[in-house]
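Accompanying notes for the structure given below.
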There are 2 protein chains.
Amino acid sequence: MMPNTYQDTAEELIRKEGGRATGIRVKILALLLAQEQAVTHREIEARLIGQQPDRVTLYRVLQWLADKGLIHKITSDDRVWRFHVNHDAYLHQHAHFKCTRCAKVVCLDDLPTKRHLTLPAGYRFQSMELTVKGLCAQCV
Amino acid sequence: MMPNTYQDTAEELIRKEGGRATGIRVKILALLLAQEQAVTHREIEARLIGQQPDRVTLYRVLQWLADKGLIHKITSDDRVWRFHVNHDAYLHQHAHFKCTRCAKVVCLDDLPTKRHLTLPAGYRFQSMELTVKGLCAQCV
DNA sequence: CAATTCGCGCAACTTTGTTGCATTAGTAAA
DNA sequence: TTTACTAATGCAACAAAGTTGCGCGAATTG
Ligand SMILES: [Mn+2]
Ligand SMILES: [Mn+2]
Ligand SMILES: [Zn+2]
Ligand SMILES: [Zn+2]
């Protein structure tokens with residue numbers, strides 16, 4: 001079960017961003033705070049026991065949390081966003097790992113520096129998105 | 001305009017893979033052979049002058065070409081596949097560049113080696129997908 | 001030319017996400 | 001506590017990208 005502290009932390013974080021501490025917002029952020037790995041919209045929906053929010057509301061809450069920098073969105077080759085809380089360690093740019101068997105996504109610590117790749121002449125580097133694929137410890 | 005050689009090359013490549021050299025298959029592969037950069041399903045549809053194939057057929061032809069290793073599929077954060085021919089230089093793993101202004105996607109030459117990143121204990125590396133974002137020479 | 005079957009075209013469906021708008025419920029002020 | 005304000009929710013409809021099933025036609029083989 002999720003300890004109350006997650007609810008409290010969530011409420012505090014939302015207020016700090018100047019948003020209304022709605023029941024649903026708090027529940028969603030608290031749930032995300034409790035997740036080790038990145039979760040999809042579907043997974044959040046399924047895990048939100050009791051209060052089942054509207055699909056659209058969930059999308060909007062997730063977008064709001066991402067806009068406020070409380071969580072980050074992860075793109076994947078399965079055309080599904082995954083969401084993960086911005087713990088201090090993940091405020092900077094970082095790579096992601098996706099298990100090719102169970103589809104689990106976790107955040108990695110760092111990102112190779114851009115020195116290691118060369119762009120065509122006249123191209124300007126802005127950022128990079130790196131997803132490592134392989135097998136997680138449970139699937140090896 | 002597209003020189004005949006593309007049509008001929010396309011037909012030859014398809015036959016070499018044991019498939020029927022259908023009019024549409026040949027046209028699609030010839031078109032892809034002529035493209036410098038990766039193109040979306042939509043773009044292919046629009047550029048197939050004269051013979052406008054069924055959407056589903058286009059999807060299936062592209063999947064078939066990818067399965068046979070004649071082209072490769074590129075994932076992107078806009079949830080749209082892009083397709084590019086497997087020139088000799090692109091048979092190996094490589095990174096991609098996506099322009100944040102015009103959405104152009106080009107294949108880069110190399111990929112940083114996996115030495116430059118560390119996985120959690122027990123995780124097994126299989127491959128990596130790297131997309132560099134920035135501005136292309138035309139958009140800088 | 002005839003027989004075989006691969007691949008195409010059509011219709012219907014699915015998944016993921018977005019937009020518009022009326023209603024509800026947090027919040028803060030009275 | 002009550003009231004007023006408006007941010008946020010819920011519903012319906014829409015949109016884009018891609019998939020599935022199936023009958024028919026055309027590419028290949030002999
Ligand atoms: Mn992350
Ligand atoms: Mn490529
Ligand atoms: Zn796994
Ligand atoms: Zn550009």
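Residue numbers begin at 1 in each chain, while the letters A, B, ... track the order of the sequences. All values below were derived from every heavy atom in this structure, side-chain atoms included, with hydrogens, water molecules and symmetry-related copies excluded.
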Please work out if [X] contacts a base, only the sugar-phosphate, or nothing of the nucleic acid, heavy-atom cut-off 4.0 Å.
X	value
A:Arg25	sugar-phosphate
A:Gly19	sugar-phosphate
B:Trp81	sugar-phosphate
A:Arg42	sugar-phosphate
A:Val80	sugar-phosphate

**Q.** Short side-chain N/O contact from B:Arg15 to OP1 or OP2 of D:dT28, under 4.0 Å
**A.** yes

(Q) Taking donor-acceptor contacts at under 3.5 Å, does the side chain of A:Arg60 reach the base of D:dG10? (A) yes

Q) Is there a side-chain contact between A:Thr118 and B:Asp109 (heavy atoms, below 4.5 Å)? A) no

Q) Side chains of A:Val106 and A:Cys136: does their closest heavy-atom pair fall under 4.5 Å? A) no

Can you tell me how far [atom2] of [Y] sits from [atom1] of [X], rounded to the nearest 0.5 angstrom?
X	Y	atom1	atom2	result
A:Leu65	A:Glu17	CG	CD	9.5 Å
A:Gln35	A:Glu43	CD	CD	8.0 Å
B:Glu129	A:Thr75	CD	OG1	9.0 Å

How close or far is atom [atom2] of [N] from atom [atom1] of [X], stated in whole angstroms?
X	N	atom1	atom2	answer
A:Gln63	C:dT19	CD	P	10 Å
A:Tyr59	C:dG17	OH	C1'	5 Å
B:Lys27	D:dA27	NZ	P	11 Å
B:Asp77	C:dT16	CG	P	18 Å
B:His41	D:dA16	NE2	C1'	12 Å
B:Asp54	D:dG21	CG	P	16 Å
B:Glu45	D:dA16	CD	P	13 Å
B:Ile24	C:dG7	CD1	C1'	9 Å

What's the closest nucleotide to the side chain of [X] if the choices are [options]?
X	options	result
A:Trp64	C:dG17, D:dA8, C:dG9	D:dA8
A:Arg20	D:dG10, C:dG26, C:dT16	C:dG26
B:Arg55	C:dT19, D:dG18, C:dT16	D:dG18
A:Thr22	D:dT9, C:dG9, C:dG17	D:dT9
A:Thr57	C:dG7, C:dA11, D:dG10	D:dG10
A:Val56	C:dT16, C:dT19, C:dT27	C:dT19

Q: Any chance you could lay out the ring pair (Phe, Tyr, Trp, His ring centres under 6.0 Å) test for B:His84 and B:His94, step after step, and finish with the verdict?
A: CA-CA 12 Å; B:His84 195 245; B:His94 57 270; 7.7 Å; no

Q. In terms of the nearest nucleotide of DNA chain C, which residue is placed more toward the 5' end: A:Ala21 or A:Asp78?
A. A:Asp78

